2 protein chains.
Amino acid sequence: MPGHDMIIIKYHSEAGVRFVREQEKPDIRRLPLFRDMATANFETLMQVAYSQNFPPQLDLLRQGEPADFLHIVVEGMVELRAEWGGRETTMAVVGPISTFVLAACIKDTAYLMSARTLEKSRIVMVPAVDLRAAFRRDPDFAMAVIVDLAGSYRSMVRHAKNLKLRNSRERLAAFVLRQSALNGQAPGFVLPVEKRLLASYLGMTPENLSRTMRQLESEGLKVDGQRLIITDRAALTALAQPDPLIDGPDTELTAEELGLPRANAVG
Amino acid sequence: MPGHDMIIIKYHSEAGVRFVREQEKPDIRRLPLFRDMATANFETLMQVAYSQNFPPQLDLLRQGEPADFLHIVVEGMVELRAEWGGRETTMAVVGPISTFVLAACIKDTAYLMSARTLEKSRIVMVPAVDLRAAFRRDPDFAMAVIVDLAGSYRSMVRHAKNLKLRNSRERLAAFVLRQSALNGQAPGFVLPVEKRLLASYLGMTPENLSRTMRQLESEGLKVDGQRLIITDRAALTALAQPDPLIDGPDTELTAEELGLPRANAVG
DNA sequence: CGAACCCTTGACAGAAATCAACTAAGGTGG
DNA sequence: CCACCTTAGTTGATTTCTGTCAAGGGTTCG
């Protein structure tokens with residue numbers, strides 16, 4: 001069991017493995033996924049779960065490995081990325097509080113994506129076996145799993161639509177407007193991730209993103225390091241043609257539905 | 001309720017609306033989605049469902065519309081496509097027997113994709129309301145929904161990985177090898193769909209697909225109209241670098257996991 | 001028979017990746 | 001505190017990939 005080996009190694013090397021702290025349980029409990037579950041079942045899951053701090057840039061799991069644990073990001077930020085033939089791409093970035101690799105755990109098969117921390121992160125890991133037992137036993141939890149998976153699926157459909165229907169300039173413009181919308185139409189915000197990572201998520205190279213940002217400076221965007229400011233919303237909107245069927249509805253302010261974490265407003 | 005309006009119109013214009021036929025129930029029942037459901041619940045669903053024949057090229061539903069029905073393709077072939085800003089792309093093609101727009105029905109929200117028949121098709125439509133009631137009541141059905149959604153999600157993740165990590169030549173080569181693998185490593189097969197549709201699914205223009213096929217003729221592929229024959233598997237494999245984490249495991253021979261229907265072997 | 005429509009091919013334009021060089025910022029260790 | 005190193009980001013030059021436009025061949029279907 002590679003998963004358990006890993007745990008033990010980490011335990012000795014960093015003394016990071018603990019039971020889930022009482023103080024973090026309520027936050028996890030508030031997740032839509034666990035909210036409606038019977039208390040006894042939730043407690044059982046928490047008792048068999050591990051909780052651990054990880055340093056930045058650490059690989060949590062690799063694509064192709066058997067799915068042993070459902071992961072919950074309690075603190076920090078985790079990149080989900082895919083690799084093939086020496087290339088790699090960012091599929092999503094998940095922040096607190098949300099889960100990842102749920103589908104792989106359910107199907108009891110290999111992860112399709114790798115995960116690594118972007119910053120110091122606290123991760124709760126629920127053994128896949130116990131997870132599967134839980135929703136077989138608890139109908140309310142099963143319902144929550146259904147809703148979660150349906151949302152994840154739709155999120156990935158939107159990601160694919162975005163890639164297939166828009167070019168990179170349009171994708172960037174749409175991303176900017178989306179982040180603004182999530183901050184109540186704020187005129188500016190700070191990028192939630194490095195530009196290179198944003199580029200990868202949007203399906204382009206860092207060089208291309210850099211140039212595309214420069215292009216957009218004549219179309220209503222001002223770039224100041226990590227800070228982006230919308231100077232002409234109409235122009236950007238004309239370019240991006242925002243569409244809730246791709247970008248997600250503005251009412252959905254949850255991070256779960258967004259491929260990248262929500263930015264912080266500025267200006 | 002646009003959905004019911006549509007039904008009534010169709011009823012009068014084509015006399016196509018019927019209760020689900022007794023003879024087609026067993027086929028539907030055999031679907032992983034319905035297989036484990038309690039018989040009484042299955043019968044209830046079938047009693048409230050519509051069953052209808054559609055001519056080719058007919059729009060079954062449009063993206064953005066509220067999800068009123070889970071659709072089951074009993075016969076024929078249906079394209080799921082996405083539109084934006086005057087462009088459109090094929091996201092998947094589903095053949096018998098499988099379902100589509102399950103996620104939208106669960107979330108009780110708008111379809112993310114449009115659907116139209118590619119050939120004369122027989123479609124069973126289960127009202128979303130009854131569907132949701134069913135898996136709230138039937139834990140075994142809920143489990144099946146979970147497994148189905150998890151599979152759909154992973155399928156879309158693979159589609160996105162394919163788009164982001166491979167160029168169009170690699171995608172085509174991988175597609176060819178995948179179809180061959182699904183037919184027991186058959187050297188040749190007939191394309192299950194028109195080339196223009198394959199092009200759209202693979203994220204390229206018809207012209208580009210045409211040229212790429214020509215390119216591959218010097219890399220182990222022979223193209224004869226709708227018939228493709230592998231002449232040098234090693235060369236194609238070197239190009240495509242098939243990967244179960246993108247192309248799907250060879251053991252999964254179900255159509256549900258494939259973005260396009262399975263081809264028929266020849267030669 | 002004509003009208004679509006699919007497919008192909010050619011010529012061209014545009015988009016995006018690659019390669020290379022350079023700057024700036026942040027962290028490390030002396 | 002500073003020299004050094006690493007890394008993100010930018011910019012330019014170039015190549016490669018892909019889309020667009022246009023035209024023609026072949027097929028199907030009314």
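Because the structure is a prediction, the values reported are computed rather than measured. Lettering follows sequence order; numbering is per chain, from 1.
- Across the protein-nucleic acid pair, E207(B) atom CD and dC6(C) atom C1' stand 11 Å apart, rounded to whole Å.
- Between the P atom of dA17(C) and the CD atom of E170(B) lies a distance of 13 Å, rounded to the nearest Å.
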Determine all donor-acceptor pairs shorter than 3.5 Å in which one atom belongs to a side chain in residues 217-225 of chain A; sequence neighbours excluded.
| residue | atom | partner | partner atom | Å |
| --- | --- | --- | --- | --- |
| E217(A) | OE2 | V223(A) | N | 3.4 |
| S218(A) | OG | Q215(A) | O | 2.8 |
| D224(A) | OD2 | R227(A) | NH2 | 2.6 |

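- Protein atom CD of E217(A) is 15 Å distant from nucleotide atom P of dG9(D), rounded to whole Å.
- Comment: E170(B) engages R87(A) in a salt bridge, judged by a side-chain N to carboxylate O separation of less than 4.0 angstrom.
- For an aromatic pair to be called close, the ring centres must be under 6.0 Å apart, and Y201(B) with F175(B) fails this.
- Qualifying side-chain contact (heavy atoms from CB on, under 4.5 Å) partners for S200(A), counting only residues two or more places apart in sequence or in other chains: T89(A), T90(A).
- Taking 4.0 angstrom as the limit, N208(A) places a side-chain polar atom (N or O) nearer than this to OP1 or OP2 of dA17(C).
- Atoms CE and CG, from M91(B) and L112(B) in turn, are 8.5 Å apart once rounded to the nearest 0.5 Å.
- One atom, CG of L209(A), and another, P of dT11(D), lie 12 Å apart when rounded to the nearest Å.
- Residue Q226(A) contributes atom CD, which lies 10 Å from atom C1' of dG9(D) at whole-angstrom precision.
- With respect to the salt-bridge test (charged N to carboxylate O, under 4.0 angstrom), the residues R122(A) and E24(A) qualify.
- A heavy atom closer than 4.0 Å to some atom of DNA chain C occurs in E194(B), K195(B), R196(B), these being the qualifying members of residues 186-200 of chain B.
- For the pairing with D247(A), the salt bridge (charged side-chain N to carboxylate O under 4.0 Å, His left out) check across R166(A), R171(A), R178(A) returns one residue only, R166(A).
- Residue T205(B) places at least one side-chain N or O closer than 4.0 Å to OP1 or OP2 of dG19(D).
- If you measure from atom CD of Q57(B) to atom C1' of dC6(C), you get 12 Å, rounded to the nearest angstrom.
- For the pair L163(B) CG and dC17(D) C1', the interatomic distance rounds to 15 Å; values are reported in whole Å.
- Remark: the R211(A) side chain and the dG12(D) base include a donor-acceptor N/O pair separated by less than 3.5 Å.
- Atom-to-atom, CG of L202(B) to P of dC17(D) comes out at 17 Å; the value is rounded to the nearest Å.
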